[in-house]
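I have placed the structure first, in the form of structure tokens, so that the comments after it can refer back to it.
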Amino acid sequence: MSKVGEEYEEIDLPEQIAVRMDKRERLNALGSAYPVTLPITHTIEATKAKYPNLEQDIATGDQVGLAGRIMFLRNTGKLCFATLQSGSGERIQAMISLDKAGQEQLDSWKDLVDLGDHVFVEGEVITSKRGELSVLATKWLMAAKTLRPLPNLHNELGEEFRVRHRYIDLIVRDRAREVVKIRAGVMQSIRNTFAKQAFIEVETPMLQVMHGGASARPFKTHSNAFDTDLYLRIAPELFLKRAVVGGLERVFEINRNFRNEGADRTHSPEFAMLEAYEAYGDYHTMMDLTQALIQNAASDVLGTQVVQLEDGTVNDLSGTWPRVSMYESLSEACGVTVTPETSVAELKKLADTVGIEIDHPLHGKYVEELWEHFVKPGLTGPAFVIDFPVDTSPLTRDHRSKAGVVEKWDLYIMGYEQATGYSELVDPVVQRERFVAQMQLAATGDPEAMKLDEEFLKALEFGMPPSGGLGLGIDRLLMSLTGLGIRETILFPLVK
RNA sequence: GGGCCUCUAGCUCAGUUGGUUAGAGCAACGGACUUUUAAUCCGUGGGUCGUCGGUUCGAAUCCGACGGGGCCUACCA
């Protein structure tokens with residue numbers, strides 16, 4: 001332990017780290033444990049692709065120099081085998097033999113190389129006597145010495161360890177890498193769908209003087225320079241609408257929202273949100289668009305709209321998704337006709353009979369709670385629930401023909417809310433009235449009630465064209481496509 | 001926020017009713033091995049049993065507090 005680095009000398013190192021620290025020192029004495037560059041000529045992927053089906057015990061004559069992380073190590077007296085893995089998870093075998101590499105290199109390999117190290121090997125591409133595609137090395141170099149041991153590859157890692165050490169999860173678990181690729185592919189597909197319809201992608205503020213655009217509790221922070229409290233955004237809606245006022249008539253944003261609320265299998269404190277606005281669209285066109293975005297993503301990334309989930313069940317996203325009225329489906333399911341005129345007292349009575357404990361001044365809150373109790377559990381496939389109560393949707397336009405409801409829908413997939421869409425409220429006078437109603441609600445102690453945003457109202461006063469808007473949770477879309485929990489769809493979810 | 005469960009070696013896990021020095025596999029260390037595939041064989045080391053406190057002759061084990069994690073529940077998407 002005499003050669004360990006200064007920083008580490010104070011600490012009583014675990015045995016395996018101390019051993020590797022010593023090897024690092026010896027590698028540095030010989031050259032470098034972390035060389036700046038290596039004479040790489042081929043990737044593992046390219047090498048494997050070139051020889052997909054070689055017979056056993058073949059010498060190709062092809063010389064390559066390639067690098068990878070050691071996942072398995074099988075050393076014998078005069079011939080060593082190692083399984084090298086690339087970042088994409090492709091593997092190839094390296095062989096270090098006495099007669100090709102020489103005594104010195106064979107000894108240093110056995111002495112200095114550990115599981116998990118990044119190594120470079122140079123030599124001929126061959127197949128072993130068992131037919132394994134291999135590089136028979138004439139030379140090897142350390143590419144990057146690993147100081148900590150990799151977990152054993154024969155047991156699944158614990159859930160907590162995987163989330164806290166996602167980089168290790170990515171090294172050892174194929175599915176972890178796959179999910180990252182699926183997510184990237186979905187983002188790409190969504191952007192393609194928008195591009196084909198002439199939508200422009202923008203970025204709007206995450207730090208906001210006033211949070212708005214949704215009903216939720218915000219994270220609060222402080223700007224020293226402006227000496228003012230700021231909020232992390234709970235939604236981009238009010239800024240995207242300003243963009244539409246400004247003439248960006250088809251606009252979308254994919255970015256993070258932050259909500260200071262509970263976390264579970266379908267909720268994360270920070271989550272990726274897609275919002276889109278289309279001038280001269282309405283909530284019908286947004287349903288069409290949402291269905292296209294999701295179906296295209298499934299087709300582009302998974303090659304099918306009938307998606308096989310993690311647990312083996314099937315999530316069928318194909319076809320045209322049904323659009324069911326909230327009031328009608330509720331009336332049908334509970335056996336009592338519920339309309340926007342039904343009084344809070346009657347709704348409370350209905351809630352009491354099925355044991356829903358709720359005490360709230362708003363008619364809409366009851367209708368939504370009752371709907372979730374009576375109708376939601378029966379929704380299996382994707383379905384749009386349309387025409388919501390007016391008092392719980394302050395940013396949505398009144399229905400064009402039905403009194404007391406607004407042109408809003410929620411999309412449910414696998415039982416959870418996947419997306420929402422409106423015919424946007426663009427009348428600045430009505431919007432002000434809705435904000436005032438929200439403020440009265442806030443005065444009664446509702447911490448999620450919206451604030452009156454004068455700057456947003458000012459923008460509306462300059463004229464926003466009739467528009468449709470949609471919001472879609474990206475993490476939840478990944479859940480719909482994979483069947484994973486939200487923390488598995490996020491590369492580095494929040495951990496305490 | 002409320003309820004239940006859980007934390008043992010680098011990783012995955014055993015550990016009986018409270019009883020000697022806390023075990024296994026992989027990983028590590030020493031040795032053997034020129035065709036292995038989770039290589040094999042022989043040998044060795046590695047633990048503040050989450051933390052602190054209590055009960056007891058004796059605590060990984062029982063009790064309490066705190067911390068981490070999970071599930072259910074409530075709020076939200």
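Residue numbering restarts at 1 for every chain, and letters A, B, ... go by the order of the sequence lines. Only heavy atoms go into these numbers, but all of them, side chains included; no hydrogens, no water, no symmetry mates. Predicted, not measured: the structure shown is a model, and the values here were computed from it.
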Would you call A/Tyr283 and A/Arg397 a side-chain contact if the rule is heavy atoms closer than 4.5 Å?
no
With the side chain counted from C-beta on, respond yes when A/Pro382 and A/Gln291 share a heavy-atom pair under 4.5 Å apart, and no when they do not.
no
Tell me which nucleotide among [options] gets nearest to the side chain of [X].
X: A/Ile486; options: B/U34, B/A77, B/G69; value: B/A77
X: A/Pro151; options: B/U37, B/C11, B/G69; value: B/C11
X: A/Asp264; options: B/U37, B/C76, B/A77; value: B/C76
X: A/Glu160; options: B/G69, B/C76, B/U34; value: B/G69
X: A/Ser128; options: B/U35, B/A38, B/G69; value: B/U35
X: A/Thr76; options: B/C33, B/U37, B/G69; value: B/C33

Using OP1 and OP2 only, check whether a side-chain N or O of A/Arg265 sits under 4.0 Å from B/C72.
no
Looking only at side-chain N and O atoms, does A/Lys365 come under 4.0 Å of OP1 or OP2 in B/C76?
yes
For nucleotides [N] and [M], find the distance between their [atom1] atoms and express it as a whole number of Å.
N: B/U40; M: B/A59; atom1: C1'; value: 41 Å
N: B/A27; M: B/U73; atom1: P; value: 42 Å
N: B/G46; M: B/A9; atom1: C1'; value: 7 Å
N: B/G23; M: B/U8; atom1: C1'; value: 10 Å

Applying a 3.5 angstrom cut-off to the pairing atoms, does RNA chain B sit in any stems of at least three consecutive Watson-Crick or G-U pairs? List them by first number.
B:1-7 with B:67-73, B:10-13 with B:23-26, B:28-32 with B:40-44, B:50-54 with B:62-66
Of A/Lys129 and A/Leu157, the one whose closest RNA chain B nucleotide lies more 5':
A/Leu157
If we require ring centres under 5.5 Å and near-parallel planes under 30°, does A/Tyr416 stack on B/A77?
no
We want to know whether A/Thr266 and A/Asp264 form a side-chain donor-acceptor pair, criterion being a heavy-atom distance below 3.5 angstrom.
yes
How would you label the contact of A/Thr420 with the nucleic acid (heavy atoms, under 4.0 Å): base, sugar-phosphate, or nothing?
nothing
Under 3.5 Å, side-chain donor or acceptor atoms of residues 234-241 of chain A against the rest of the protein: list the pairs with distances, not counting sequence neighbours.
| residue | atom | partner | partner atom | Å |
| --- | --- | --- | --- | --- |
| A/Glu237 | OE2 | A/Lys241 | NZ | 2.8 |
| A/Lys241 | NZ | A/Glu424 | OE1 | 2.7 |

When you check the gap from the basic side-chain N to the acidic O, do [X] and [Y] get nearer than 4.0 Å?
X: A/Arg162; Y: A/Glu488; result: yes
X: A/Asp57; Y: A/Lys129; result: no
X: A/Lys349; Y: A/Asp352; result: no
X: A/Asp288; Y: A/Arg323; result: yes

Dump the pairs, protein N or O against N or O of nucleotides 26-29 of chain B, anything under 3.5 Å, distances to one decimal.
| residue | atom | partner | partner atom | Å |
| --- | --- | --- | --- | --- |
| B/C26 | O2' | A/His154 | NE2 | 3.2 |
| B/A27 | O2' | A/Gln16 | OE1 | 3.2 |
| B/A27 | N3 | A/Gln16 | NE2 | 2.9 |
| B/A28 | O4' | A/Gln16 | OE1 | 3.4 |
| B/C29 | OP1 | A/Lys23 | NZ | 2.7 |

Counting distance only, does the side-chain N/O of A/Thr482 pair as donor-acceptor with the main-chain N or O of A/Leu478 below 3.5 Å?
yes
